[in-house]
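Please read these numbers as outputs of a predicted model, since none were measured by experiment.
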Amino acid sequence: MKITDVDVWVVNLPLVNPFTSSFETKTGETRTVVRIRTDDGVEGWGETMWGRPVAAIVRSMATDLIGTSPFALERFHRRQHMVPFFYGYLGYAALAAIDVACWDAMGKATQQSVTDLLGGPVRDEVPITALITRADAPGARGADLPAALAEHARQVVTEGGFQAVKLKGTKDAAGDVAVLRALREALPEVDLRVDPNAAWSVPDSVRAGIALEELDLEYLEDPCVGIEGMSQVKAKVRIPLCTNMCVVRFEEFAPAMRLNAVDVIHGDVYKWGGIAATKALAAHCETFGLGMNLHSGGELGIATAAHLAVVASTPVLSRAIDSMYYLHADDIIEPLHLESGRLRVPTGAGLGVSVDEDKLRHYAAVNEREGDLTG
């Protein structure tokens with residue numbers, strides 16, 4: 001079984017509503033989609049973060065895939081191990097696109113789901129987190145904002161059945177504290193989190209963290225920049241600290257442990273360079289007694305299916321994961337169904353999803369006209 005072809009598309013898909021973080025507001029997602037084909041007719045699909053720059057890296061690695069087996073992933077990753085060194089996040093994302101496509105092909109060739117290839121399911125459904133941003137209350141300002149966002153969050157939780165809510169924070173730490181108080185009052189039973197994307201200073205993080213202790217947050221994610229800053233906050237705040245920004249490579253794991261900087265690490269197949277790397281991160285977290293969750297970079301259906309396979313087969317991933325999937329207005333697969341705040345893990349061969357190639361071509365044409373979406 002040898003790979004004969006590697007095809008790459010870049011697609012733009014709209015979001016249902018604008019999504020605002022501390023550094024951008026976006027109305028859609030740009031994603032890179034990869035298909036590999038083998039000499040015995042098996043196809044494997046992958047999807048990853050970002051657009052044309054990542055697609056160019058994937059294409060540059062394609063010649064290294066031709067003539068090799070999709071089962072030979074360790075050799076592929078070893079040959080390409082310098083790609084993240086030179087390209088950073090883009091390199092990890094490009095590796096992950098190919099990695100996921102190979103896992104999909106392996107599953108289809110053996111008539112096994114990726115979940116089964118990874119050790120079998122420990123859960124059949126995966127809870128996801130309701131994501132709340134200030135863009136969700138466009139008419140509210142100042143003192144009116146907390147109540148408006150709390151009412152919006154209440155509606156989202158009631159309609160979607162979510163059991164966890166995450167506020168995307170801003171540079172305004174005091175304002176975020178006020179919003180979180182309103183959210184907790186409106187939703188006393190949900191798991192509540194906040195993620196300012198390192199927009200707060202260390203002093204503001206300590207001040208806000210102490211003020212938030214009474215709200216029983218599940219965790220405080222990346223309030224400030226860096227392992228050193230997080231360590232200073234953790235020494236003074238009793239809320240568990242989570243990161244998706246200061247521990248994003250294995251080289252950063254040991255320094256974070258030595259400085260006692262974090263309690264929970266967000267993994268991501270596409271930021272960590274593939275499925276096996278994400279499973280290895282889970283083993284690290286369990287060994288050191290840390291919690292783990294999954295970050296969301298705007299996954300469409302192919303990428304979401306890969307995340308679901310990882311969560312389904314990994315006991316430590318027991319929290320509601322971050323997922324922007326429910327915020328997309330369309331998909332390039334038959335959509336995954338959200339019910340009671342949960343996504344059911346696909347059970348078919350490979351990733352268990354089928355690509356709608358008409359939609360793939362349509363949204364690739366949108367990218368050709370508009371270019372990559374940047375916010």
A.B. asks: Evaluate whether atom CD of Gln155 has more than 12 neighbouring non-hydrogen atoms of other residues, nucleotides or ligands under 6.0 angstrom away.
C.D. replies: yes

A.B. asks: Do Thr170 and Asp176 have side-chain N/O donor and acceptor atoms under 3.5 Å apart?
C.D. replies: yes

A.B. asks: Return yes if some donor-acceptor pair links the side-chain N/O of Trp272 with the main-chain N/O of Ala93 below 3.5 Å, else return no.
C.D. replies: no

A.B. asks: So, the side chain of Asn293 versus the backbone of His266: is there a donor-acceptor pair under 3.5 Å, distance only?
C.D. replies: no

A.B. asks: I'd like to know if Asp216 pairs up with Arg184 as an ion pair, taking the criterion as any Lys NZ or Arg NE/NH1/NH2 lying under 4.0 Å from an Asp or Glu carboxylate oxygen.
C.D. replies: no

A.B. asks: Less than 4.5 Å apart, side chain to side chain, heavy atoms only: is that true for Leu180 and Leu212?
C.D. replies: yes

A.B. asks: To check you understand the geometry: which heavy-atom pair defines the closest contact between Val11 and Ala364, and what is its length?
C.D. replies: CG1-N, 3.7 Å

A.B. asks: Measure from the side-chain N and O atoms of Ser231 to the backbone N and O of Leu259, and report whether any donor-acceptor pair falls under 3.5 Å.
C.D. replies: yes

A.B. asks: Once salt bridge (Lys or Arg N to Asp or Glu O under 4.0 Å) is applied, what residue pairs with a partner in residues 196-215 remain, sequence neighbours excluded?
C.D. replies: Arg181-Glu214, Asp204-Arg207, Glu213-Arg238

A.B. asks: Is the side chain of Asn12 donor-acceptor paired with the backbone N or O of Gly371 at a distance under 3.5 Å, no angle test?
C.D. replies: yes

A.B. asks: When you measure from the side chain of Thr133 to the backbone N and O of Lys168, does any donor-acceptor pair fall under 3.5 Å?
C.D. replies: no

A.B. asks: Can you establish whether the number of heavy atoms outside Glu334 located under 6.0 Å from its atom CD is more than 12?
C.D. replies: no

A.B. asks: For Asp372 and Asn367, which I'm curious about, is there any donor-acceptor pair between the side chains at under 3.5 Å?
C.D. replies: yes

A.B. asks: Can Arg79 and Glu74 be said to form a side-chain contact (heavy atoms from CB on, under 4.5 Å), step by step?
C.D. replies: CA-CA 9 Å; Arg79 291 194 304 272; Glu74 290 290 347; over 6 Å; no

A.B. asks: Any sub-3.5 Å donor-acceptor pair from Glu299's side-chain atoms to Gly297's backbone N or O?
C.D. replies: yes

A.B. asks: Examine the side chains of Asp40 and Thr38 and answer whether a donor and an acceptor come within less than 3.5 Å of each other.
C.D. replies: yes

A.B. asks: With a 3.5 Å distance limit and no angle check, can you tell me whether Ser313 reaches the backbone of Gly120 through a side-chain donor-acceptor pair?
C.D. replies: no

A.B. asks: Hydrophobic clusters here meaning ILVMFWY residues chained together by side-chain heavy-atom distances under 4.5 Å, can you tell me if Met245 and Tyr270 are in one?
C.D. replies: no

A.B. asks: Below 6.0 angstrom between ring centroids: does that apply to His328 and Phe19?
C.D. replies: no

A.B. asks: Between the main-chain N or O of Asn244 and the side-chain N or O of Asp222, is there a donor-acceptor pair closer than 3.5 Å?
C.D. replies: yes

A.B. asks: Working to the nearest 0.5 Å, report the span between CD1 of Ile265 and SG of Cys246.
C.D. replies: 8.0 Å

A.B. asks: Testing the 3.5 Å rule here: is there a donor-acceptor pair between the side chains of Asp64 and Gln80?
C.D. replies: yes

A.B. asks: For Ala182 versus Ala150, what's the shortest heavy-atom pair and its separation?
C.D. replies: O-CB, 3.6 Å

A.B. asks: Any salt bridge between Arg35 and Asp7, counting N to O under 4.0 Å?
C.D. replies: yes

A.B. asks: Who pairs with Glu218 by side chain to side chain contact (heavy atoms under 4.5 Å, CB included), at least two apart in sequence or on another chain?
C.D. replies: Asp191, Arg193, Arg319

A.B. asks: Give, for atom CG of Leu317 and atom CG of Leu308, the distance between the pair rounded to the nearest 0.5 Å.
C.D. replies: 11.0 Å

A.B. asks: Working note: Lys271 + Thr278, criterion side-chain hydrogen bond (donor to acceptor under 3.5 Å, both in side chains); need CA distance, chi angles, decisive distance, verdict.
C.D. replies: CA-CA 9 Å; Lys271 288 186 70 173; Thr278 309; over 6 Å; no

A.B. asks: Within this structure, what is the CD-CD1 distance for the pair Glu47 and Ile332, rounded to the nearest 0.5 Å?
C.D. replies: 5.5 Å

A.B. asks: Do Leu217 and Val237 belong together in a cluster built from hydrophobic side chains that touch within less than 4.5 Å?
C.D. replies: yes

A.B. asks: Which pairs of donor and acceptor atoms, one on a side chain in residues 248-256, lie under 3.5 Å apart (sequence neighbours left out)?
C.D. replies:
residue : atom : partner : partner atom : Å
Glu252  : OE1  : Val248  : N            : 2.7
Glu252  : OE1  : Arg249  : N            : 3.2

A.B. asks: Side chains of Asp268 and His295: any donor to acceptor distance under 3.5 Å?
C.D. replies: yes

A.B. asks: Working to the nearest 0.5 Å, report the span between OG1 of Thr68 and CZ of Phe71.
C.D. replies: 12.0 Å

A.B. asks: Give the intermediate values and the outcome of salt bridge (Lys or Arg N to Asp or Glu O under 4.0 Å) for residues Asp144 and Arg141.
C.D. replies: CA-CA 6 Å; Asp144 296 331; Arg141 296 290 185 273; over 6 Å; no

A.B. asks: Less than 4.0 Å between a side-chain N and a carboxylate O, is that true for Asp322 and Lys166?
C.D. replies: yes

A.B. asks: Yes or no on salt bridge (Lys or Arg N to Asp or Glu O under 4.0 Å) for Lys26 and Glu29, after CA distance, side-chain angles and deciding distance?
C.D. replies: CA-CA 8 Å; Lys26 54 186 177 181; Glu29 290 286 355; 2.7 Å; yes

A.B. asks: Give the C-alpha distance, both sets of side-chain angles, the deciding distance and a yes or no for side-chain contact (heavy atoms from CB on, under 4.5 Å) between Tyr87 and Tyr92.
C.D. replies: CA-CA 8 Å; Tyr87 296 104; Tyr92 283 115; over 6 Å; no

A.B. asks: State which residues pass side chain to side chain contact (heavy atoms under 4.5 Å, CB included) with Arg59; sequence neighbours excluded, sorted by chain then number.
C.D. replies: Val8, Ala55

A.B. asks: Go through Leu117 and Trp103 one step at a time and tell me if the side-chain contact (heavy atoms from CB on, under 4.5 Å) criterion holds.
C.D. replies: CA-CA 9 Å; Leu117 294 180; Trp103 279 99; 3.9 Å; yes

A.B. asks: Got a sec, which residues hit side chain to side chain donor-acceptor pair (under 3.5 Å) with Tyr363, two or more places apart in sequence or on another chain?
C.D. replies: Asp330

A.B. asks: Is a donor from one side chain sitting under 3.5 angstrom from an acceptor on the other, for Lys279 and Thr314?
C.D. replies: yes

A.B. asks: Please tell me whether Val6 and Val10 are part of a single hydrophobic cluster in this structure, the criterion being side-chain heavy atoms less than 4.5 Å apart.
C.D. replies: no

A.B. asks: I'd like to know whether Leu241 forms a side-chain contact (heavy atoms from CB on, under 4.5 Å) with Val264, so could you lay out the CA-CA distance, the side-chain angles of the two residues, the decisive distance to 0.1 Å, and finally the verdict.
C.D. replies: CA-CA 6 Å; Leu241 294 191; Val264 181; over 6 Å; no

A.B. asks: When rounded to the nearest 0.5 angstrom, what distance separates CG in Asp195 from CG in Leu167?
C.D. replies: 9.0 Å

A.B. asks: Quick one: closest heavy-atom pair of Ser296 and Met324, and the distance?
C.D. replies: OG-N, 3.0 Å

A.B. asks: Does Gln111 reach the main-chain N or O of Lys108 with its side chain, forming a donor-acceptor pair under 3.5 Å?
C.D. replies: yes

A.B. asks: So how far is it from Ile3 CD1 to Ile98 CD1, rounded to the nearest 0.5 Å?
C.D. replies: 8.5 Å

A.B. asks: Keeping to residues at least two apart or across chains, list the salt bridge (Lys or Arg N to Asp or Glu O under 4.0 Å) pairs with something in residues 113-130.
C.D. replies: Glu125-Arg344

A.B. asks: What's the verdict on ring-ring contact (aromatic ring centres under 6.0 Å, His included) for His337 and Tyr326, showing C-alpha distance, side-chain angles and the deciding distance?
C.D. replies: CA-CA 9 Å; His337 181 57; Tyr326 76 102; over 10 Å; no

A.B. asks: Does the pair His307 and Tyr325 meet the rule for a ring-ring contact (aromatic ring centres under 6.0 Å, His included), with working shown?
C.D. replies: CA-CA 11 Å; His307 268 188; Tyr325 185 74; over 10 Å; no

A.B. asks: Within the distance-only criterion (no hydrogens, no angle test), does the side chain of Asp356 pair as donor or acceptor with the backbone N or O of Asp358 below 3.5 angstrom?
C.D. replies: yes

